[in-house]
Amino acid sequence: MAKVWLCVSMTLFLVTTTNADTSSTCTFTQHEDGMHADCSNRQLTSLPTAWPDDVVWLDMSHNQLSDLTHLDHPHLAQLRHLDLSFNQLQMIANDTFAHLQEVQSLLLVMNRLEKLEVNAMIGLGQLTYLNMSNNQLMLDYRTYPRGVFGPLSSLKELWIGSNDGRYYGEYPADIFRPLLQLQVLCIDAFSSTHFGSQFEALPNLKTLHLVSSNVQTISNSTFRGLHNSSVENLHLFHMHELTKIEVCAFCDLPQLRYLRISDAWYLKLETALAALYGLQYQNMTGIEFNTVQTLLDGSILNRQTAQYLRNICVTNLTLKECNIDKITMSALVGRNIPLVQCLQHTDFSRNRIVIRSAVIYWWPVIFQNMISGRVEKQLVFDLESAVCITGKLSENCLGKSHWEPYTVTIRVPPKLQYVNATEGFRGSGNFPCFESATSLKTLDLSYTGRSNCGMTITGLDVIETLDLSGSYCFNVSETIFDFCGTLFNLRLSNFNMNPDFFRARAWRMFQNLHLLQTLDLSLNNLIHVDPHMLRAQRRLKQLNLAGNRLQSLSVDLAHHEDLELLDMSNNMLPTLLPGERQALDALANKRNFTLRLRGNSLLCACSNLDFLRWLWTTTVHLDGDGNMKRNYTCLTDTGEVSDTHTMMMRYDSEWRRCVGQTMLVITSAAFLLQLLVLVIVYVVSRSWTHLRYAWKVMKGLRLPRREHFEWDAYVGYADDDVELACLTLLPCLEERHGVRLLLRNREERPGTIRAENIVAHIDASWKVLLLVTPAFARDEWACGFTVQQAQRSITDTMPDRVIVVFMEDPTRLPPMASLERLLRMVPERNVLHVHRDTPLDDPVWDKLAEAIIGNNDNERRI
């Protein structure tokens, strides 16, 4: 029983410790290896004086300790982990840790350490990990006296970087010689750093981290003292001032397997690649140049700059954010190149790469062993010349000005499994076609600007994850995924698909995706969704419909018994219907099911009380705020903003109020019905001839037309935009197109009530035209009352009555809640973008005039 208790139970108890400044509480947890004490974030100024038996793990970080008394407590004798980070320690005195002979890891990060006394490390013979980074420890004998590291015979990792910020200095001799077991060293570097003979005594050193923004040069002699070591990993971090690496800088590191240089803003990539001379014909795990040459002109990766890189057998190659403009064919092609034979993973993201057709065509021939590649977020990615290798020669290939959507055929290395080209293959052509993609399982082409989706994706025979988010696929083909039957994860967020097509033909688009488990359809402005569109996806586990305009659940959950997550957040759901709630409960009873509803316009009305009670009783996991994640913002009967938790707290009183209202409505309705019957009988008996005439008139009823109104358009604008309305709209619309504009500065009579004029002018106008500018956002009449009246004017017989014209970039305008609500009711064709300086003969004015006076849906129905 004792053994089971040690392995399984987690007993928590509190021990109150008192010192001169603070009364605080430490948390003690019993683990299998002993007692763990957490005293972090307690504002302690000294160590506690009382401890339980056998504390093996102690966290004193984020306190105010300035000395380390009471570490000699007998109950701390078995301590193996001690964290003193983020305190106020300035010095480690002699014999501080003399009683902690079992400690294996010691953290002193982010203190104010300036000095170690010569016997400061006495007693730490079992220590394997020591981290004193981010202090004020200078690399000299005053800080590190001779013999200070003598007791650390078992130390394997030493982190003393981010301490010495000097430009010039030398490592103190003989300080590191006792560390015979050292494997990892993180140390600061100077402007011109040299590892001397004392580092020859570190035969087990495998990883070296140099952290400094002061290094300017890495010379041929920098690592000379490490030529007898077994350094395999070299990391050069925060090399902000580095401008020069000599050609043979790495010649003294014959065992090097991983090289990383990061944040070298002023180092030319050609210089960094030339320094690979000393690593030629070595087998390396990885070469990583991250954020190199970002503040210099771009570079080209060609045969000359890559001459030494070509001769290295490297598995992982990263040239990320290095300002690369171009990769030429000669940089990669050649006989018996070790780079081509060994390379499996590449990352060329965040550059300005222009890849020509030859590279794309020979890609599978060159990189036979390629497994993954990343080329996302390129500032420029030119595939124009690749059009000519597809066999579909357009006039664009011949250098003519005519533009046609093109299709790029990419031959894929047979072992390639992963490609990330987010924001990489920019352009307006079709999605690429793929050949020989026999191993490609993950493909990310999100936000690449593809606009032509009227084709079928081919060549991805084993694809499992496909991301096409951020495209502009208004003309998507219903057969686009017919040959992607192996898909498990499909992301179509912000896909900009035609809502009408999606409602009618989405089921056909997903018809062959029987293995699909994750589908993301968020941010697509969907209003209606066929509940049965995913009837073939019986294995679906996660469905994301967030950020649309759905007013119902829109999913037939009977088809998805394995569903684990349904995201309906940020839609327009007022409630969940009883049938939908029953289906959700049925799923939750079978498995751990989560429903996300945050950001919907839920109602707390009388008709919705059963939904509010369901939120508090269902076993479905929800994402709301407050108690058990079941609290959501909602709108009451009176239009007040409340929340579901408040409504449930007064549920009984709300129920009585709603029942009373219901009975009053029923009684009143019955009385009015009787009265209405009597009135109808009387009217019919006395006015039978007049009723027959009225019926004939109603049969000839016509919907509103333009000629029924005095004005073509009422223009709503801010007071500061009078010049814009009078000097721009009048010449463009009234004089050139004959549009009858109602401008309040021209038509409104002085002394009249402004609100009444706005209502009357809107009622007398065929359309309502809103000029949205920064001044519009600040004007309470324009952005408030006028927008509300424009929204009121939209009816079933005149659904497209409002036209919104943005005269500025919408992303630069301040948020306008009233306008956002209005835009949900305005058709997309009635939202225009016109710049202030647009010339009078620009076609956009013709489009605006057509939107005002052209035939609308009402006229076509007539």
Side-chain angles (χ1 to χ4, degrees), residues 360-361 363-364 383 386-394 396-397 403-412 414 416-417 419 421-422 424-521 524 526 530 533-537 539-540:
I360 297 177
Y361 185 77
W363 195 15
L383 288 174
V387 180
C388 301
I389 68 169
T390 64
K392 296 178 64 177
L393 295 179
S394 68
N396 185 54
C397 283
W403 176 261
E404 293 181 1
Y406 55 82
T407 300
V408 177
T409 300
I410 299 179
R411 301 181 64 187
V412 180
L416 189 67
Q417 299 180 12
V419 173
T422 302
F425 294 90
R426 298 177 184 272
S428 59
N430 296 327
F431 284 106
C433 294
F434 298 89
E435 291 183 2
S436 65
T438 55
S439 302
L440 188 60
K441 295 183 178 180
T442 301
L443 177 61
D444 189 344
L445 293 178
S446 58
Y447 296 93
T448 55
R450 302 296 102 184
S451 60
N452 190 6
C453 307
M455 28 67 74
T456 303
I457 297 177
T458 59
L460 303 177
D461 299 331
V462 296
I463 193 71
E464 295 180 358
T465 299
L466 179 61
D467 192 343
L468 301 179
S469 302
S471 301
Y472 299 94
C473 292
F474 295 102
N475 63 332
V476 64
S477 170
E478 63 183 22
T479 64
I480 185 172
F481 300 123
D482 275 10
F483 298 102
C484 300
T486 58
L487 271 178
F488 285 93
N489 308 294
L490 178 60
R491 299 184 181 92
L492 302 177
S493 176
N494 199 17
F495 199 57
N496 293 293
M497 194 184 315
N498 188 317
D500 294 332
F501 168 84
F502 191 88
R503 182 178 64 251
R505 304 299 296 171
W507 67 269
R508 174 61 184 85
M509 186 171 64
F510 301 125
Q511 176 177 291
N512 294 336
L513 305 182
H514 300 288
L515 303 180
L516 201 62
Q517 296 183 5
T518 301
L519 177 60
D520 187 352
L521 294 172
N524 278 295
L526 300 177
D530 180 6
M533 70 173 181
L534 300 176
R535 55 180 175 265
Q537 285 66 51
R539 302 184 182 183
L540 197 64

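Side-chain atoms are counted along with the backbone in the values below, which use heavy atoms only and exclude waters and symmetry mates.
Here the closest heavy-atom approach between residue Phe501 and residue Val476 is recorded as CE2-CG1, 3.1 Å. When all heavy atoms of Leu445 and Ala421 are compared, the closest pair comes out as CD2-CB, 3.9 Å. Taking both residues in full, the closest heavy atoms of Leu440 and Val462 are given as O-CG2, 3.4 Å, listed atom of the first, atom of the second, then distance. Taking every heavy atom of both residues into account, Asn496 and Ser471 meet most closely at ND2-O, 2.6 Å. Residues Leu466 and Ile463 approach most closely at CB-CG1, 4.5 Å, considering heavy atoms. Nearest heavy-atom pair, Arg539 versus Leu515, reported as atom, atom and distance to 0.1 Å: NH1-CD2, 3.1 Å.
The number of heavy-atom neighbours closer than 6.0 Å to CZ of Phe488, taken from other residues, nucleotides and ligands shown, is above 12.
Sorted by first and then second residue, the pairs that involve residues 495-504 and meet salt bridge (Lys or Arg N to Asp or Glu O under 4.0 Å), not counting sequence neighbours, are Asp500-Arg503. The salt bridge (Lys or Arg N to Asp or Glu O under 4.0 Å) analysis of residues 452-463, with sequence neighbours excluded, yields no pairs.
With Thr442 contributing its side chain and Thr465 its backbone, the two residues share no donor-acceptor pair below 3.5 Å. Distance alone, capped at 3.5 Å, places no donor-acceptor pair between the Ser439 side chain and the Gln417 backbone.
By the side-chain contact (heavy atoms from CB on, under 4.5 Å) test, Arg508 pairs with Glu478, Thr479, Asp482, Arg505, Gln511, sequence neighbours left out. For the side-chain contact (heavy atoms from CB on, under 4.5 Å) test, residues two or more places apart in sequence or in another chain that qualify with Ser493 are Ser469, Asp520, Ser522, Leu523. Under the side-chain contact (heavy atoms from CB on, under 4.5 Å) criterion, Asp444 pairs with Asn420, Thr422, Ser446, Asp467, not counting sequence neighbours.
For the atom pair CG (Leu526) and CG (Asn498), the distance works out to 10.5 Å, reported to the nearest 0.5 Å. Between the CG atom of Leu519 and the CZ atom of Arg491 there is a distance of 10.5 Å, given to the nearest 0.5 Å.
Phe481 is not listed as a side-chain neighbour of Asn512, based on a closest heavy-atom distance of 4.5 Å or more. You'll find the side chain of Leu468 reaches within 4.5 Å of the side chain of Ile457, heavy atoms only. You'll find the side chain of Leu490 stays beyond 4.5 Å of the side chain of Gln537, heavy atoms only. No side-chain heavy atom of Ser477 sits less than 4.5 Å from a side-chain heavy atom of Met455.
The only option from Leu487, Thr486, Asn489 that meets the side chain to side chain contact (heavy atoms under 4.5 Å, CB included) definition with Leu516 turns out to be Leu487.
Phe502 and Phe510 have perpendicular rings, their planes meeting at more than 60° on a 0 to 90° scale where under 30° would count as parallel.
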